[in-house]
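As the structure lists them, so they are numbered: ligands from 1, and atoms in each ligand from 1. Everything numeric here is computed off the predicted structure, so don't read it as measured data. What you see below is based on every heavy atom in this structure, not just the backbone, and it leaves out hydrogens, waters and symmetry mates.
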Amino acid sequence: MTNPHLSTHLIHHPYAAPTEFSAPQQPVHKASTVFFPDVATMRSRRWLDKSGYTYGLHGTPTSFTLEERLCALEGGQQCLLVPSGLAAISTISLALLSQGDEVLIPDNAYGPNKDFAQHELARYGIRYAFFNPMDVEDLRSKLSPATKLVWLEAPGSVTMEFPNLLAQVQLVRQHGALSALDNTWGAGLAFLPFDLLRDGGSVQVDISAHALTKYPSGGGDVLMGSIITRDHAVHMRLKLAHMRLGLGVGMNDVELVLRSLPSTALRYHAQDKTARQLVAALQRQNAVKQLLHPAFASSPGHAHWQQLCATPENPAGAAAGIFSVVFDAPQSQVDDFCNRLQLFKLGYSWGGHISLVMPYALDEMRDLGRGAVLPGCLVRLCIGLEDAADLERDVAQAYGHAFGHAWRGQGVH
Ligand SMILES: *Cc1c(COP(=O)(O)O)cnc(C)c1O
């Protein structure tokens, strides 16, 4: 059209995407509407197989790129992005369970996963049971013909018990149910969810759910989740439910995750190192009763962690920078300890650049008891990217004030 009105010109400008522009970050492709060149193309495009773009909810080049990179990170074939880690969990359960089915969930799973089964799945006539993550026989005894999905988490949220994931996955597979792993802690870096024995995939989970909110985002400012599979049929069941539920993610958030992804491994291992230094320091203290970090022998399932996460190339093993402390002190003193920390902020989540602390009332969270976690008040510490000596100094000052014991340092005052 020649000489359109200014208002039309502002809309139909002669912009064409640059072809000779190459830079470290990809451009961000945002869309609800996607244009088709003609009706025949529109009719022939299929959103299901990602062979063409049809509508923003089904993805843009930006979200397709993140999906491919997450598949590479976790060793999967297909990936769905959802608005949060919890949405990954709820989508998987909703997509794969029907009335009369049963889902099994470890008692130490991420709390809202249990909550979703109790309050939402139950309304659809889907039954649930919690199992002891540290007793494979308990899981075996709870598998029934109705069991269609088994959730797994290694280690468990807050209490960090590391289960015999290999045995659990094999048992679920033998039973003919699907296994879904909440892989937020491992993040694709501590162990390989689709190749647990590192032999090319003889033992693998069916589905990996990941709260990208944590390590892949790394900034404490994005909520996102992913659902990764290797089996086309399982992926299709998830993908159709995902579409019908209308779940999409914003491309500005996808851009933030894409920007952080290249440093994920560096951050993961740096936070691991600092966390272990702090655990070692806390182990020397009088008011500390138990440290829950799977790389330490005091932590339930340490040997299972070692089997899965230590390799000949990395005998020290890999772990996320998060652990819990059971204090032998009254709740008021433990609360005071949390309040007195300065570098550690009081807040939920983890995997970001700022260290976080959170006290938990364990007895309200477990349906099958505390297991091997000793009695006492529990605090979870999530390690950020601060200097390790500064973090220890912060913990030492809060500890000294709150518990009235001198901090037993190793040259740190
Ligand atoms: C944070 C977290 C989730 C949920 O992620 P959101 O993005 O906060 O919804 C799920 N599982 C585990 C283990 C988590 O730590």
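The nearest protein atom to atom 7 (O) of ligand 1, hydrogens excluded, is given as Thr213 OG1, 2.5 Å; this is a heavy-atom distance. At the top of the distance list for atom 3 (C) of ligand 1, counting protein heavy atoms only, stands Tyr110 CZ, 3.4 Å. The protein atom (non-hydrogen) at minimum distance from atom 13 (C) of ligand 1 is Asp182 OD2, 3.4 Å. Ranking the protein heavy atoms by distance from atom 9 (O) of ligand 1 puts Leu86 N, 2.8 Å first. The protein heavy-atom contact nearest to atom 8 (O) of ligand 1 is Leu223 CD2, 4.0 Å. Here the heavy atom of the protein found nearest to atom 15 (O) of ligand 1 is Lys214 NZ, 2.6 Å. Looking only at heavy atoms of the protein, atom 6 (P) of ligand 1 is closest to Gly85 N, 3.3 Å.
Near Glu153, the atoms of ligand 1 lying under 4.0 angstrom from a non-hydrogen atom of the residue are 13 (C). Close approach of ligand 1 to Trp350 (heavy-atom distance below 4.0 Å) involves ligand atoms 15 (O). Within the listing of ligand 1, atoms 2 (C), 3 (C), 4 (C), 5 (O) sit less than 4.0 angstrom from a heavy atom of Ala211.
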Steps toward side-chain hydrogen bond (donor to acceptor under 3.5 Å, both in side chains) verdict (His235, Gln77): CA-CA 9 Å; His235 170 68; Gln77 293 284 347; over 6 Å; no
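In this structure, Tyr348 falls outside the shell of residues with a heavy atom less than 4.0 angstrom from ligand 1. Residue Ser157 places a heavy atom less than 4.0 Å from ligand 1.
Checking Ser93 against Trp151 by side-chain atom types alone, a donor-acceptor pair falls below 3.5 Å. Using a 3.5 Å distance cut-off with no hydrogens or angles, the side chains of Ser51 and Asp49 do pair a donor with an acceptor. In summary, the side chains of Arg267 and Ser260 do not present any donor paired with an acceptor at a separation below 3.5 Å, with no hydrogens or angles considered.
Between the side chain of Gln290 and the backbone N or O of Ala372, at least one donor-acceptor pair lies under 3.5 Å. In this structure a side-chain-to-backbone donor-acceptor pair under 3.5 Å is present from Ser84 to Ala87.
With respect to Arg198 and Asp195, no salt bridge is recorded, no charged nitrogen being found less than 4.0 Å from a carboxylate O.
Remark: aromatic rings of Phe323 and Phe296 are distant, center separation not under 6.0 Å.
Contacts of Trp185 with ligand 1, taken as heavy-atom pairs under 4.0 Å, are absent altogether.
Summarising the geometry, atom OH belonging to Tyr399 is positioned 14.0 Å from atom CZ belonging to Arg340; distances are rounded to the nearest 0.5 Å.
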